[in-house]
> 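Structure incoming, see below.
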Amino acid sequence: MGKRLLALLAVSTALIAVQAEAKTVIRMMHQGDPGWVSTFGEVAKRFEEANPDVDIELIYAPHDAYNEKFSAAVMAKQMPDIMELDAPFLANYVWSGYLQPIKPLIDKDILEDMTGSNIAQGTYPIDKELYAVGLTDSSVVLYGNRKYLEAIGARIPKGVDDAWTREEFEGYLEKLSKLGGVKWPIDTFRGYGIKTEWITYAYGPILQSAGCDLIDRNTWKSVGTLDSDPCVDALTMMQKWVKNGWVVPQSSGTNQFFAEGHPAALAFGGHWFYAEAAASMKDDVVVMPLPKFGPKGASPNGTWIWGITTASEHPEIAGKFVSFMLKDKELREHAKETSGYPGLKSFAADSPLYAPGGPMAVAFEQASKTAIARPPHPAYPAITSAFMGAVDEIFNGGDVKAALTAAAEKIDEDIEENDGYPPFDEQQ
Amino acid sequence: MSDLAITAMQTELTRERSAIRSLRLVQTACILVIALVIVSPLLMLVVASLKDDRFQILADMGSFRAFWVSNPTLSNFWEVGNFSGELAFGRYLLNSLFILACTVGAGLVVNSMAGFVLAWGSLRGRALVLSLVIALYVIPQESIIMPLVIMVSRAGMTDSFAVQIVPWVASPLYIFLFYQFFAQLPKELFEAAEIDGASVFRIYRSIFLPLSLPALATVSILMGIESWNQYLWPTLVTQTDYARPIAVAIATFFGQDSIYWDRAMAASVLMMLPILALYLAFQRWFVSSFVGSAVKG
């Protein structure tokens with residue numbers, strides 16, 4: 001009896017082992033809040049039901065430690081098949097050889113459904129190939145408190161082409177600073193801190209609108225661009241706002257636009273901020289395009305998108321899962337609930353928040369008219385780090401020209417140390 | 001003594017008493033202010049965990065409403081108390097407790113034995129080993145973390161409980177703490193036991209260890225806090241839900257676009273409780289150990 005039992009046990013163990021081996025395991029590294037973690041889990045289950053020979057293993061990494069977690073996976077030779085990545089880091093990952101072109105792996109209807117901004121955030125500038133795809137994108141708009149704007153008689157722009165000019169914007173800031181009930185005319189979300197991507201993401205377009213950039217996108221040199229006169233002028237303007245006490249200080253957090261008494265009159269905030277502001281202020285929130293600080297309008301884009309790594313042994317199955325995920329109805333519903341900014345045209349048509357006439361329509365209009373991707377260069381981690389440091393120094397009263405020159409030199413040094421990140425150096 | 005002198009002395013005494021009373025009042029006020037500064041974030045944490053609207057919690061921050069809840073609810077605690085599913089915070093809490101118990105339990109044995117051998121053992125080159133132990137203490141954990149990740153992944157230990165326990169069991173700081181404590185105990189204790197025929201292990205287990213309750217309590221608390229607050233290491237070496245500790249799980253609430261303050265606060269309260277209980281259980285010995293160290297210099 002005992003021997004039979006043992007034999008049965010051995011046979012069933014062997015069968016289980018064979019079954020387990022027969023399954024293809026696809027590992028996906030992602031970040032996200034509880035809603036997203038749960039949604040990804042549900043999508044994986046649905047995919048596994050439809051494809052019983054595939055096992056989707058989800059690897060969660062906290063948002064603020066994502067890059068460290070990915071670096072550790074690279075060093076330990078445990079790269080996942082699919083990875084979520086922040087769009088501006090794409091060039092660095094492709095240059096490092098971590099990602100493979102995604103076009104042949106993704107369903108054609110998804111590729112045709114991508115907005116221009118979505119394609120731009122997933123494209124590597126050297127070979128012009130698509131390396132990542134996303135359901136969503138992002139933008140920053142100017143939120144206003146209707147009561148305060150009416151009190152100063154401010155003009156409410158109807159669309160992107162109608163955005164405030166620099167003179168109008170600064171004039172309103174001054175008027176708001178004198179209006180009763182307003183403690184700070186604007187919240188530029190310094191509360192997000194200096195170690196997040198916010199500074200480069202949100203303030204970079206101010207430079208681009210003013211007529212300069214973080215780096216010259218043809219020569220890939222920062223000195224002469226980041227410390228050029230238009231950039232010095234733009235950051236001197238922002239320093240003035242801080243010096244005048246017009247900007248919510250870092251220590252006051254990120255809730256002053258809708259906190260009790262509404263101490264901040266305007267908010268230079270991400271599309272996600274709408275949910276927080278509207279929950280408290282309802283129709284008193286006015287959504288406006290970013291002001292034009294110079295010859296042209298500019299707004300940021302880019303968010304967390306999906307790429308397939310070069311380590312994947314089953315890239316076709318990984319691509320099949322990414323396509324399945326981006327089409328998943330429940331996932332799209334969750335994205336809508338969280339004010340997800342559309343990166344696919346079909347998702348935009350199905351998002352009343354961003355559709356024409358919707359409260360955030362102007363934000364979506366920016367994607368096709370003013371969106372500028374952050375520099376798609378492997379040196380981006382060094383670019384963003386140097387710029388964040390410079391802005392922090394400037395906001396704390398430092399010399400604008402000196403801070404920008406130091407940052408530009410730091411960026412150029414990184415590029416030189418890496419021999420120009422070939423073949424980026426050949427673009428010159 | 002004349003009446004005048006007595007009256008003057010009494011007046012002086014009254015003045016001194018009044019000065020002492022005023023000083024005590026100032027001292028009490030200062031202590032209260034310090035206590036308030038320390039307790040207020042904890043109070044805010046508990047109050048916020050009883051609110052069910054994350055946007056309201058954010059709107060209340062920075063005002064006195066952050067310390068008041070009109071309709072308290074335990075719904076956040078129910079939500080983070082799951083033991084299964086995608087976000088099984090109850091399970092993550094148990095994972096952390098298991099890792100804490102194993103790390104502290106094994107750490108007390110290993111570090112105390114090492115400390116004892118360095119203090120009383122007959123090991124050759126003890127002084128050199130002790131210097132090396134002290135030298136190791138100055139190396140920050142962050143500087144060795146990546147090589148350590150590679151080592152544990154080559155050993156096939158990732159995504160397990162063992163990978164969160166084994167590397168942190170032996171610690172130069174705790175070995176040195178035990179060494180210092182054991183070295184201060186009278187030599188006669190060791191010699192008398194040796195004459196009675198006790199082995200070194202018997203002397204350690206039956207005589208020195210029972211006498212080292214303050215050191216054991218101190219190491220338990222410090223090691224417990226260190227293990228409980230581990231964030232980067234488990235982030236790097238855990239992949240799935242299986243062995244994920246609560247510190248990593250709480251980070252889920254701090255998303256890319258929004259922060260779920262309601263559930264983050266409830267999970268933080270739950271995370272705070274075990275370590276608070278550990279401190280309360282051992283605080284008598286913990287304090288006496290610190291006082292003892294101070295007196296002995």
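Quantities reported herein were computed from a predicted structural model and do not represent experimental measurements. Just so it is clear: chains get the letters A, B, ... in the order the sequence lines come, proteins before strands, and each one is counted from 1.
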> Identify the heavy atoms of A:Ile59 and B:Gln239 that sit nearest to each other, and give their distance.
CG2-OE1, 3.1 Å
> Counting only heavy atoms not in A:Lys183, do more than 12 fall under 6.0 Å of its NZ?
no
> Is any side-chain heavy atom of A:Pro62 closer than 4.5 Å to one of B:Thr252?
no
> Any sub-3.5 Å donor-acceptor pair from A:Tyr60's side-chain atoms to B:Ala249's backbone N or O?
no
> Most heavy-atom pairs under 4.5 angstrom with chain A, which of B:Thr158, B:Val237, B:Ile250, B:Asp159?
B:Thr158
> In terms of heavy-atom pairs under 4.5 Å, which option from A:Ala259, A:Ala72, A:Gly270 contacts chain B the most?
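Winner by heavy-atom pair count: A:Ala72.
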> Is it the case that more than 12 heavy atoms not belonging to B:Met151 sit under 6.0 Å from its CE atom?
no
> Using a 4.5 angstrom heavy-atom cutoff, name the option from A:Phe70, A:Phe257, A:Phe258, A:Tyr66 with the most pairs to chain B.
A:Phe258
> So, do A:Ser71 and B:Met146 sit near enough that their side-chain heavy atoms are less than 4.5 Å apart?
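Yes, at least one pair of side-chain atoms sits under 4.5 Å.
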> With a 4.5 Å cut-off on heavy-atom pairs, point out which of A:Pro80, A:Ser339, A:Pro34, A:Ser138 contacts chain B the most.
A:Pro34
> Determine which residues belonging to residues 70-79 of chain B lie within contact range of chain A, meaning some heavy atom pair is under 4.5 Å apart, and list them by number or answer 'none'.
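Result: none.
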> Please tell me if the side chains of B:Thr240 and A:Glu57 come closer than 4.5 Å, counting only heavy atoms from C-beta onward.
yes
> What distance do B:Ile150 atom CD1 and A:Gln78 atom CD have between them, rounded to the nearest 0.5 Å?
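Answer for the CD1-CD pair, B:Ile150 versus A:Gln78, is 10.5 Å.
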> To the nearest 0.5 Å, what is the distance between CG on A:Asp64 and CZ on B:Phe254?
9.0 Å
> What part of B:Phe253 gets closer than 4.5 Å to chain A, counting heavy atoms only: side chain, backbone, both or neither?
both
> Would you please name every residue forming a side chain to side chain contact (heavy atoms under 4.5 Å, CB included) with A:Asp81, sequence neighbours left out?
A:Ile26, A:Arg27, A:Ser312, A:Ala318
> How would you list, by chain and number, every residue that makes a side chain to side chain contact (heavy atoms under 4.5 Å, CB included) with B:Arg91, sequence neighbours excluded?
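B:Ala88, B:Asn95, B:Tyr242.
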> Which atoms of A:Glu68 come close to chain B, meaning under 4.5 Å heavy atom to heavy atom: side chain ones, backbone ones, both, or neither?
both
> Counting only heavy atoms not in B:Phe98, do more than 12 fall under 6.0 Å of its CZ?
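Open: at most 12 neighbouring heavy atoms sit under 6.0 Å from CZ of B:Phe98.
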> So which residues of residues 36-47 of chain B are in contact with chain A at a heavy-atom cut-off of under 4.5 Å?
none
